[in-house]
2 protein chains.
Amino acid sequence: MVGIDEVARLAGVSTATVSRALSGSAHVSPATRVKVEAAAGELGYVVSSTASSLASGRMKNIGVVVPFLNRWFFSSVVEGAQQTLLRNGYDLTLYNLTGGGEERRSVFEHFLLRQRVDAVIAISLELTEDEVARLHALGKPLVGVGGPIPGVRTLTIDDVAVARLATEHLLALGHSRIAHIGGNKAFDLDFHLPTNRRIGYEYALTEAGIDPSPELFQPADFTMAGGYQAAKQLLGRAHNRPTAIFAASDEMAIGCILAARDLGMVVPRDVSVIGIDDHELAEFFGLSTIAQFPKGQGEAAVEILLDQLHPGQHDQAGLNTPMPFELIVRSSTARPQ
Amino acid sequence: MVGIDEVARLAGVSTATVSRALSGSAHVSPATRVKVEAAAGELGYVVSSTASSLASGRMKNIGVVVPFLNRWFFSSVVEGAQQTLLRNGYDLTLYNLTGGGEERRSVFEHFLLRQRVDAVIAISLELTEDEVARLHALGKPLVGVGGPIPGVRTLTIDDVAVARLATEHLLALGHSRIAHIGGNKAFDLDFHLPTNRRIGYEYALTEAGIDPSPELFQPADFTMAGGYQAAKQLLGRAHNRPTAIFAASDEMAIGCILAARDLGMVVPRDVSVIGIDDHELAEFFGLSTIAQFPKGQGEAAVEILLDQLHPGQHDQAGLNTPMPFELIVRSSTARPQ
DNA sequence: GTGAAAGCGCTAACAC
DNA sequence: GTGTTAGCGCTTTCAC
């Protein structure tokens with residue numbers, strides 16, 4: 001491992017100057033900077049991140065805490081965050097809290113607090129007040145993605161508005177018996193997301209002069225299989241069958257499409273289906289949906305954090321804008337017969 | 001931030017003893033250890049990982065390099081690796097090489113070599129000899145998952161054997177016109193995986209006295225949509241239609257099932273379908289498949305690495321066993337009519 | 001703009 | 001089994 005002093009010697013300057021030249025920040029004459037960079041390149045010098053961190057207090061590393069990794073939303077957010085971090089010279093340390101409470105405590109105690117990260121992004125994770133307080137006490141910026149954390153800046157789409165938009169699409173097509181597949185109570189890893197989407201749905205109905213009927217609501221678990229089951233319940237009944245289904249996620253919506261097919265129905269002729277997400281499979285299934293852009297959410301989270309770590313160095317554009325969403329009409333929605 | 005000397009003072013011992021007691025390794029009298037642990041707990045002391053790393057040369061962190069994150073295989077391997085690392089007090093730093101070659105070089109130059117990780121796991125990534133050499137020069141253990149890297153220990157299922165097993169299942173049911181959907185040339189992020197699976201398929205056929213026919217092979221891109229397209233080509237023909245399809249991945253196999261349905265065929269009555277993976281959606285679609293266990297592969301990779309980092313501390317059980325796989329018969333395969 | 005030197009907070013020899 | 005002490009390799013005041 002070649003160290004900073006070798007570079008200094010070769011460049012004919014002091015180690016302090018090497019440090020300044022390479023970190024780019026301070027005032028170094030262009031000539032010196034070139035010399036130093038040449039020397040560093042020649043020797044294949046790379047800073048020791050530990051030494052650098054110990055001396056400066058900066059880790060150039062941010063922690064990302066997720067409840068799952070193998071779901072489209074989470075891995076997409078992580079991907080967006082990772083890319084943006086990389087471009088800014090930061091590493092991403094991943095904490096997957098799939099396990100139970102003990103694992104979670106352990107992550108907090110032994111990892112996050114170990115001075116390993118400069119900041120943390122919590123994805124769809126409701127941190128306790130204590131956890132938030134400890135992070136703040138350490139001066140670590142924190143941002144949430146996918147649900148509000150009390151007292152913490154969080155990036156989410158407006159679930160009520162999104163659900164309303166989806167429902168209104170169906171209403172505009174002429175549907176009036178619109179069912180909704182939402183979350184079940186067990187599904188509470190996140191923040192009232194199912195509830196908010198249901199509220200938006202009911203809001204849109206009410207505004208259109210339609211009374212939301214409890215029998216048109218089915219809970220499910222946000223999986224394709226769950227959506228399939230729920231849709232069969234909805235579409236199998238003899239009376240009052242819905243002409244359209246609004247599922248709270250694309251995976252459930254795809255389950256609905258498959259359920260309809262298995263019942264011999266044709267989508268969208270016999271039933272329209274719309275979801276939320278714009279999941280990678282949505283296009284294949286011709287699913288109309290409200291797109292959210294998780295990669296963009298990951299990027300935005302990083303930008304906020306970097307801005308807090310280096311005030312004024314990043315353009316604040318969009319730091320306080322709500323996350324965008326967008327209706328995408330494909331072939332799973334149409335006018336009722 | 002409370003430091004080690006405060007703990008030392010409170011416990012009435014030296015900092016060296018605190019370090020020893022807390023790291024567990026060295027010989028410390030039980031009584032002292034208890035005192036130290038109490039003091040540390042009382043003060044809420046957590047080691048500064050940077051200081052510890054700088055002094056010891058250990059990072060307690062391993063780098064995981066993936067080409068994608070939002071695919072079932074990769075996120076599952078990462079999940080398995082993460083869990084095992086966490087249990088052993090290690091962090092996982094993720095490098096997602098989704099971007100192009102420049103990004104990749106940057107990861108190598110500025111991140112992996114920065115002394116940030118003790119070892120690296122490369123998932124389905126063919127490292128160049130130069131990359132491998134540099135890692136070795138730094139003394140960083142490296143293990144691959146999902147494909148052979150020259151001169152590096154790699155964990156994979158035996159793709160030839162897996163494909164053979166799948167094909168033999170179909171043969172045993174009485175099929176003889178068995179099509180195969182494999183990878184297209186563009187799909188080379190990995191190591192001849194499509195080729196090996198095709199070899200296994202052809203081997204099984206040949207062994208059963210059947211000549212592999214080129215017209216029963218269709219390339220695709222390992223996605224559901226790709227499998228769907230390929231299956232339509234296979235099943236739409238007027239003559240010589242296959243009675244069974246062996247797809248090189250579950251996602252493609254699911255595409256086959258959907259294609260068959262859209263053509264008015266019933267699976268498995270009109271066509272049998274088998275995949276490889278045991279993807280999370282396989283059960284929902286009743287897909288017969290050869291399961292591989294990516295989480296287990298991630299765990300195994302970590303165990304090998306930890307064993308190299310701390311020789312003799314881990315049981316070597318299974319370090320050199322090939323990765324397991326297993327035929328899972330569901331409802332997508334049956335005897336031909 | 002550049003250099004000298006004092007740490008950053010721990011670990012690991014080495015001595016006892 | 002425990003204490004003393006010399007670094008680990010940088011960054012950052014503080015001078016100049």
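Just the heavy atoms: all of them, side chains too, but no hydrogens, waters or symmetry mates, feed the values below. Proteins come first, then strands; the chains are lettered A, B, ... in the order of their sequence lines, and each starts at number 1.
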**Q** Between which nucleotides of DNA chain D, 5' to 3', does chain B make heavy-atom contacts below 4.0 Å?
**A** D:dG1 to D:dG9
**Q** Find the distance between NE2 (A:H136) and CD (A:E129) and round it off to the nearest 0.5 Å.
**A**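 The CD atom of A:E129 is 12.0 Å from NE2 of A:H136, to the nearest 0.5 Å.
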**Q** Is there side-chain contact between B:I304 and B:L155, with at least one heavy-atom pair below 4.5 Å?
**A**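 The answer is yes; the side chains approach within 4.5 Å.
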**Q** Looking at A:Y95 and A:G63, what are the two nearest heavy atoms and their distance?
**A**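 What the structure gives for the nearest pair is CE1-CA, 4.2 Å.
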**Q** With side-chain contact (heavy atoms from CB on, under 4.5 Å) as the test, would you mind laying out the steps for B:V65 and B:V120 before giving the verdict?
**A** CA-CA 7 Å; B:V65 195; B:V120 356; 4.2 Å; yes
**Q** So which atom in A:W72 and which in A:Q292 form the shortest heavy-atom distance, rounded to 0.1 Å?
**A**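 Taking every non-hydrogen atom into account, CH2-O, 4.3 Å.
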**Q** Just by protein heavy atoms under 4.0 Å, how would nucleotides 7-14 of chain C read 5' to 3' in B, S and -?
**A** BBBBSBB-
**Q** Starting from the C-alpha separation in whole Å, work towards a yes-or-no answer on side-chain contact (heavy atoms from CB on, under 4.5 Å) for A:R116 and B:D91.
**A** CA-CA 9 Å; A:R116 267 191 165 291; B:D91 279 343; 2.3 Å; yes
**Q** Please name all residues satisfying salt bridge (charged side-chain N to carboxylate O under 4.0 Å, His left out) with B:R20, sequence neighbours left out, ordered by chain then number.
**A**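 For B:R20 there are no salt bridge (charged side-chain N to carboxylate O under 4.0 Å, His left out) partners, ignoring immediate neighbours.
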